[in-house]
Each structure stands twice: as structure tokens, then as C-alpha cells.
2 protein chains.
Amino acid sequence: MKKTAPNRSSSRLEKMKREMMKAVRTTPLFHSLSDEEWRDVVQYLHGHTYPEDAYLFFQGDPPDALYIIWKGRVKLVRHTSQGRDVVVTVLGPGQLIGEMAIFDGRPYSMSAIALEDTAVVTISRHDLMAIIQRHPAVSFHVILELNRRLRLCTELVRSLAVDRVEQRIARALLRLMDLGGTPAPEGEGIMIDIHLTRQDIAEMTGTTVETAIRVMSRFRKEGLIRNYKGRTILLDPERLEKIARGK
Amino acid sequence: MKKTAPNRSSSRLEKMKREMMKAVRTTPLFHSLSDEEWRDVVQYLHGHTYPEDAYLFFQGDPPDALYIIWKGRVKLVRHTSQGRDVVVTVLGPGQLIGEMAIFDGRPYSMSAIALEDTAVVTISRHDLMAIIQRHPAVSFHVILELNRRLRLCTELVRSLAVDRVEQRIARALLRLMDLGGTPAPEGEGIMIDIHLTRQDIAEMTGTTVETAIRVMSRFRKEGLIRNYKGRTILLDPERLEKIARGK
DNA sequence: CGTTTGCTTGATACGTATCAAAGTTGGTGG
DNA sequence: CCACCAACTTTGATACGTATCAAGCAAACG
């Protein structure tokens, strides 16, 4: 596996960059900054793009930068010594990657992999530290974001500890719907517009491919979900919600 | 179960309070403050004590304050709708409780229960918000603390997803040793000086009492641990370490 | 003391992992 | 356009870990 070099096509680069910055400006982390503060911050931002399946960074790398997703979706994967991986979360536009490693300076505890063509804005570790000292509003939103993540993580712990696979998968599908849901292109239901293999689902829910498949087949037979060109369509979110909460 | 009222015995209260404040001053959250800054902060701090088994707050309560442990140990328990609980973590002196709820304003996502007689310092939600705005050094340490917690939580997720009960219990014992370990009073080994039932261990590792007991009995028969007046003594931490990492 | 609370052990059932093999899909190059 | 390959999906048989249920025991407690 090779780290894919950021792809900087030079034509129209400036225009794209301005557009990107404008989008980042509206991100929770920065939206409460005054114009003046923003002018201070913006000089430290850099844009990068990655193709599908590219690694933004590897577990174990020293932390170099904070990533803010602009376009695309990214999964965070924790590799284990015995080969089995855990997909800790899937993130989308506006969300942060790499904060953990940035703040405590320890190596990235997971790898970040683009699930589709992805564009990000980065801030180097050094610059971010400086920005935080100067702008309490940014600190504050960092706190809120870490907090949100901690809450989600705690919920995941509970789910792994007490729920059965069926419930965990239902839960995962609903979370993915929130993140990447669009109305299904034909018929009713909501499509999860993210390229995910059954392996990914299994790794998100702490189970094996085979079990994930068996559970999803059962869901399909019961009319809860449908497959469409490699994507999953949720036909009955209410019912899934019930299953997620243990019937 | 009733929320136990803070116990304010009035004699020597002032002396104890000063002592408490001095201890809190050295806590990661505040130790980098200048004397002047500290003088600003200290006026917002309040002391409380709780007897063993008392609830500091309940899951679902609206968040009123941040707690900083001064003395004693506290477990954070997530109650589930089907009666099974999950002990998310055990915290000791210097550590924070309730940050999550404080920052996003949503109800406490777990209950905090004193494992022994415990003294804490609290800051009301409102005051903490003000302090954070005024003192970037405090913000920064809040970020570091949230970050540490997130890392631990992520590790717990991995462990629940891929490790077997035996490994999870070994891991839990080692973590508890770091938190509440003292040299064993007789013979060698390190004693976990915290009152924990097998039920607690089970809830920390996402299993049932019976299974927790079976695993720990096996550990005992293999000379890895020993029981001493309701406490657990680790006789062979190296071996436990190996088991935690999957032999 | 009896009663509660926590600990322990055994028998059994169930969920899920594991191993094996075959079917399906999408992409690639001839 | 088709054949082929690799990656992914699916199904089945079996084994294993852990939950569940039941019961007895010990220590702490009012």
C-alpha cells in the first residue's frame, strides 16, 4: 500500500481553492469567526484531493495536519495486530479528521481512507496550535466537536457491549443514512449513496463478512432494504429503528 | 435510589476547602495558570463530598456542573433500556466528570457513582463557559482531556469488537491497576485498591457476571491473580499483558 | 440469627465465528 | 464484444464462546 500523493492539477486551481475556502468558512469550526479573524486563519489552510481508496494517512504515521473534509466521504479504520480491522466511523463534508493525533502528538491511531473522490483542507499541526491560542472561538468549537465524537463513541461502546449483531447493523445503516442518504433514484426509500462493501459493514459493527451478509439478506427478504447497483436502499427506516432499539 | 445530598459538615470546613483548592490547582486543567488567572478561577469552585455508592448525578439529569475528583474513585455507568448496564470507565483524583454533558448541554449520558468516599470540586456550567472564554490555557487542557478520553474510548471500541472476553478482562484489570494500584499488603503483586464487584468487571467488559467469574477463576487457578479481602491482586502483570494482546 | 448481597459451579441453548465452496459482478485487455 | 480475472457476495456445515437458567454457598449486615 502506498500513500497517494495529493493531486494538484494546476489549471483552475486558484478558482477551486477560493471556492473551497469559502465552503470551509461555513464549517462549524470557523463559522463564528469575524471577517478579520478569518483573514488571519485562512493563510494557514491548504487544499488537497485524493482519489477513491487513497489513504489520507496511515495508522502509526506521525501527526502532521488536521484535515477538514470539503467533498467526499472518508472512513477511519483501526487496524489490529491480528489482521481484523475496525471501521470506527465514516465522515463527510465539514467534519474533522486527525484531531486526536494532532492534539496529543501521538501517532495517528487509525488510517483514513477515501471512500470516493475526496477534497480536503488541511492545517498543519503547528499552525493549528497557534490558531487555537489566538482564537477562543475556534478552541470552543474544537471542544464541541471532540465532545460530539466522544458521545458517539460512547454510544458505540454501549452498542457493541450489549446489542446483538442484528441491532448493530440496523443502527449502522441508519447512521449511514443520516450521513449519505438521498431519495432512491427509482421507487421509494432512501439510498445510502456511499460505496461500502459488506466487509465495511462488518468492520463497522464488529462482526464478520458472512454474518453481516446473512443479517442483511434477512433484512432484504423482509422488505426492509434493497440493493441497487452496489448501494443499499432503506425501504423501511421506521422498522429498522425499532430493530436497532431491540424490537 | 435517591440522589445523596452533598455532605457539608461545617467544622473545619474552611480548612478542608483551602486544602482542596490547593490540590485542584495542580490538576492538569489548571496547573498552567498564572497566580493571577488562578485567583479569577478559584472563586467559581465549590467543594462537595459523597459517601460510597452515592450518585453524583443520574443519567438523564440536565447538566449542572463539571466535577473534578479530588479524593476517591468514581465509576461512570451507562444504563440501558433492557436493564443491562455498561461501566464505561472508572476515574480517579484529578480527572473530570461530566464534561460531555456540560459542553453540548444535553442531559448526562451516564450516571456517576462513587466507588468509595469521594470528594469533588465542581464548577457550574455557566461559570465554566465563562472561564473557558477568558483563559485559553484552560480551553487547551480541556481539549487535551477530551482527546485523551476519545482515544481511550476508541481503544475500547476496538477491544469490544475484536477481542474475546478473556482478553478484555485482562485489559480491564491492567487499566484498573494503573488507576488504583498499590503494592500488595502481604506477599508480592500489585493490589487494585478499589471496591469492585464481579458485576462491575462484567459491565466494564461487556459480558455477564457468570462469565466474568469463570474467566477470573481461571486466572486465579493459573496464578495470575489472587483475591484479598474483596480486592484483586495481580500476581503476574506481564502475563496478563500478553493475554490482553491475544497471547 | 435470618436475610441480603455477592460469589461460584454446572447444564444447556443460542448466536456468531470459522471454514469451505460456489455464484455474481464489474472491469480489462484482446 | 466477449472472455477472463479479481473482487465481492452468497450459502451451507460445523465448531466454539458466551449467555442464560438454576441452584448452592459464603460473607456481610441489621
Side-chain angles (χ1 to χ4, degrees), chain A residues 1 51-53 75 80 82-87 113 115-116 159-170 172 192 194-222 225-233 243 246-247, chain B residues 1 51-53 75 80 82-87 113 115-116 159-170 172 192 194-222 225-233 243 246-247:
Chain A
M1 286 188 283
E52 184 173 343
D53 290 332
K75 66 176 173 180
T80 73
Q82 301 106 318
R84 253 180 83 180
D85 293 349
V86 180
V87 174
I113 307 167
L115 282 168
E116 50 203 9
S159 182
L160 285 168
V162 315
D163 294 345
R164 286 188 277 135
V165 172
E166 190 183 53
Q167 301 177 52
R168 302 206 299 265
I169 289 183
I192 296 172
I194 305 176
H195 179 73
L196 287 172
T197 66
R198 307 287 152 152
Q199 181 71 44
D200 288 320
I201 302 280
E203 288 172 4
M204 289 184 69
T205 52
T207 184
T208 57
V209 208
E210 295 94 328
T211 300
I213 283 169
R214 276 185 246 268
V215 170
M216 292 184 71
S217 293
R218 201 161 63 233
F219 284 172
R220 181 158 39 77
K221 279 170 200 149
E222 290 170 6
I225 65 177
R226 193 158 59 82
N227 294 343
Y228 175 79
K229 295 189 182 173
R231 309 274 140 124
T232 299
I233 295 175
I243 291 173
K247 293 219 153 157
Chain B
M1 284 187 281
E52 185 174 342
D53 289 332
K75 67 176 174 182
T80 73
Q82 302 106 317
R84 252 180 83 179
D85 293 348
V86 180
V87 174
I113 306 167
L115 283 169
E116 50 202 8
S159 183
L160 285 168
V162 315
D163 294 346
R164 286 186 277 134
V165 172
E166 190 183 52
Q167 301 177 52
R168 304 207 298 266
I169 289 184
I192 296 172
I194 306 176
H195 179 73
L196 287 172
T197 65
R198 307 288 153 148
Q199 182 71 43
D200 288 320
I201 302 280
E203 287 171 5
M204 289 184 69
T205 52
T207 183
T208 57
V209 208
E210 296 95 326
T211 300
I213 284 170
R214 277 185 246 268
V215 170
M216 292 184 71
S217 294
R218 201 161 63 234
F219 284 173
R220 182 158 40 77
K221 279 169 200 149
E222 290 171 5
I225 65 176
R226 192 159 60 83
N227 294 344
Y228 175 80
K229 296 189 180 170
R231 310 275 137 122
T232 299
I233 294 175
I243 291 173
K247 290 221 154 154

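Just so it is clear: chains get the letters A, B, ... in the order the sequence lines come, proteins before strands, and each one is counted from 1.
- With a 4.5 Å cut-off on side-chain heavy atoms, A:Glu52 and A:His195 count as touching.
- In this structure, B:Thr208 does not reach the D:dT20 phosphate: none of its side-chain N or O atoms is under 4.0 Å from OP1 or OP2.
- Between the base of D:dG12 and the side chain of A:Arg214 there is a donor-acceptor pair shorter than 3.5 Å.
- Proximity of A:Thr197 to the phosphate of D:dA7: no side-chain N or O atom is located under 4.0 Å from OP1 or OP2.
- Separating the CD atom of A:Gln199 from the P atom of C:dT25 is a distance of 20 Å, rounded to the nearest angstrom.
- Between the side chain of B:Arg84 and the base of D:dT20, no donor-acceptor pair under 3.5 Å is found.
- For the pair B:Gln167 CD and D:dG17 P, the interatomic distance rounds to 12 Å; values are reported in whole Å.
- Residues A:Ala212 and B:Lys221 both approach DNA chain C. Their nearest nucleotides, taken by heavy-atom distance, put B:Lys221 toward the 5′ side.
- Between the P atom of D:dT9 and the NZ atom of A:Lys229 lies a distance of 17 Å, rounded to the nearest Å.
- The separation between A:Glu203 atom CD and C:dA17 atom P is 13 Å, rounded to whole Å.
- Of the side-chain N and O atoms in A:Thr211, none sit less than 4.0 angstrom from OP1 or OP2 of C:dT16.
- Nucleic acid contact class of B:Arg168 (heavy atoms, under 4.0 Å, all strands): none.
- When distances are taken from the side chain of B:Arg198 to each of C:dT8, D:dT10, D:dA19, the shortest belongs to C:dT8.
- Rounded to an integer number of Å, the gap from B:Glu52 CD to C:dG6 C1' is 14 Å.
- Scanning both residues, B:Met216 and B:Ile225, for their nearest heavy atoms gives O-CD1, 3.7 Å.
- Closest non-hydrogen pair, A:Lys75 versus A:Asp200, comes out as NZ-OD1, 2.6 Å.
- Atom NE2 of A:His195 is separated from atom P of C:dT25 by 15 Å (rounded to the nearest Å).
- Between A:Arg198 and A:Glu210 there is no salt bridge, since no side-chain nitrogen of the basic residue lies less than 4.0 Å from a carboxylate oxygen of the acidic one.
- Contact annotation: A:Arg164 side-chain N/O to C:dC14 OP1/OP2 distance is not under 4.0 Å.
- No donor-acceptor pair closer than 3.5 Å links the side chain of A:Asp163 to the backbone N or O of A:Leu160.
- Distances were taken from every side-chain heavy atom of A:Glu210 (C-beta onward) to each of D:dT10, C:dT16, C:dC19; the shortest belongs to C:dC19.
- Taking atom CZ of A:Arg231 as the reference point, atom P of C:dT25 lies 16 Å away to the nearest angstrom.
- Between A:Ser217 and D:dT11 there is a side-chain polar atom (N or O) within less than 4.0 angstrom of OP1 or OP2.
- What separates CG of B:Asp200 from P of C:dC7 is a distance of 9 Å, to the nearest Å.
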